[in-house]
Amino acid sequence: MEPFKLLGSEVPPGEVRQLSWFANQHYSGVESAAQVLVAHGSKPGKVLCVTAAIHGDEINGVEIARRVFYRTKPRSLAGTLVVVPITNLHGFERSYRYLADRRDLNRYFPGIVDGSSAARIAHSFFTSVIEHCDALVDLHTGSFHRTNLPQLRADLSKKKVVHLTHGFGATAVLDDKGAIGTLRRAATDAGIPAVVLEAGEPMRLQPDEVRHGAKAVKSLMAHLRMVKKSWRWRDPQPVYYESVWVRASRGGILMAAVQLGDSVSAGQSLGAVTDPISNSRSQVIAPQAGRVIGMAVNQMVRPGYAVFRIGIERTEAEIVETAAQPSTDDSSTTPVTTSPAETSDPAQDDITDDASSDTDHSDE
């Protein structure tokens, strides 16, 4: 085994190193470095990258990343594990989802060397870290006031990505190409199979979600033959889903009647929205049978707010066949060289539309 080279450093076989990645975007010239943890095995194997906290308020992933790394013994590891526990250091220090300029870093990958601040940070990270890896797991949680059942987001039209999904044990898999500009989409387009692992909600550290996430990533490492598997899943097979959002028809106080992970039937009441002034109430009804894989926490909601995400179970063959069919998406499998936000009106560069948190891709 040769030493593993990354960020201008070499990591000898069977050892760990803590490296530093500088985004070079601090206005004062006094830079803060994100830490990149590397465990280089004593035997040949895949280079797996695990990233967390691209959104600075998603702390479940930080703990998942820590557990995975420090429970990995490099001398018995085949290949290399690269872990970035806190990618968006600017946001994490402020418990803030976005970068300091209010941009969503996960809409600018693979970035542009001379673009906006977010695009430059994305380009630096993508070229300095991601391009040196064979596979990627990007850790996330639900977005503003929403929570997610532990689940994978994966583009199942890509065979290498499907292969990754087989390694996460009893973790739900949602077929999702990913928005242009997300790290997962950029990596997959560049030929690096990638998935997002969603677990829980932002601004909280949730033991059950963290436990599942860490076990799932270690399961993947066993699947990739990087480590020996020494545990079992109660149900080792992933379950594949398509999904629909159910939205509130009116504004008011949301009170859910179901819990994350519940199975529901068509026509079942998922919860109620009550007007605090008139006391009138409307039910949120499941449009079809499925499983609650994402939901809003109880809160005040506006009309049209996405409150429940219902997963409709499909076989792997059905999902893969559908995913492989030509789509109307104008993207291709070639690497993306520009980020969509870079083509927008420069006058809008410093504005983040929080309404985007209500889109299907908001929590990635």
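Values in this document were obtained by computation on a predicted structure and should not be read as measured data.
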Novice: Hey, do the aromatic rings of Phe308 and Trp245 have their centres closer than 6.0 Å?
Specialist: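 Between Phe308 and Trp245, the centre distance exceeds or equals 6.0 Å.
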Novice: Side chains of Gln18 and Gln35 only: does a donor on one sit below 3.5 Å from an acceptor on the other?
Specialist: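 Checked: Gln18/Gln35 side chains pair up, N/O donor to acceptor below 3.5 Å.
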Novice: For salt bridge (Lys or Arg N to Asp or Glu O under 4.0 Å), just list the numbers for Arg204 and Glu209, CA-CA rounded to whole Å, side-chain angles, deciding distance to a tenth of an Å, and then say yes or no.
Specialist: CA-CA 10 Å; Arg204 291 186 60 194; Glu209 285 77 2; over 6 Å; no
Novice: May I ask you to decide whether Arg184 forms a salt bridge with Asp138, counting only side-chain N to carboxylate O separations under 4.0 Å?
Specialist: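 No.
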Novice: Please list all pairs passing the salt bridge (Lys or Arg N to Asp or Glu O under 4.0 Å) test where one or both residues lie in residues 211-228, with sequence neighbours left out.
Specialist: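 Listed by first then second residue: Asp208-Arg211.
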Novice: Please determine whether the number of non-hydrogen atoms from other residues, nucleotides or ligands lying under 6.0 Å from atom NE2 of His145 exceeds 12.
Specialist: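 Open: at most 12 neighbouring heavy atoms sit under 6.0 Å from NE2 of His145.
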Novice: Is any NZ, NE, NH1 or NH2 atom of the basic residue among Arg75 and Glu15 found under 4.0 Å from an Asp or Glu carboxylate oxygen of the other?
Specialist: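 Here Arg75 does not pair with Glu15 in a salt bridge, since their nearest N and O are not under 4.0 Å apart.
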Novice: Drop me the distance from Tyr241's OH to Arg309's CZ, to the nearest 0.5 angstrom.
Specialist: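 Result: 13.0 Å between the selected atoms.
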Novice: Can you tell me how the ring of His166 sits relative to the ring of His223, calling it parallel under 30°, perpendicular over 60° and tilted otherwise?
Specialist: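 It falls in the perpendicular class, over 60°.
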Novice: Compare every heavy atom of Ser278 with every heavy atom of Ser280, then report the nearest pair and how far apart it is.
Specialist: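 Shortest heavy-atom separation between Ser280 and Ser278 comes out as OG-OG, 2.9 Å.
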Novice: Which pair of non-hydrogen atoms, one from Asn60 and one from Ala199, has the smallest distance, and what is that distance?
Specialist: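 Shortest heavy-atom separation between Asn60 and Ala199 comes out as ND2-O, 3.0 Å.
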Novice: Looking at Gln268, is its backbone amide N or carbonyl O close enough to the side chain of Ser265 to form a donor-acceptor pair, meaning the two atoms are under 3.5 Å apart?
Specialist: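 Not at all, since once roles are kept as given, no pair shorter than 3.5 Å links the two residues.
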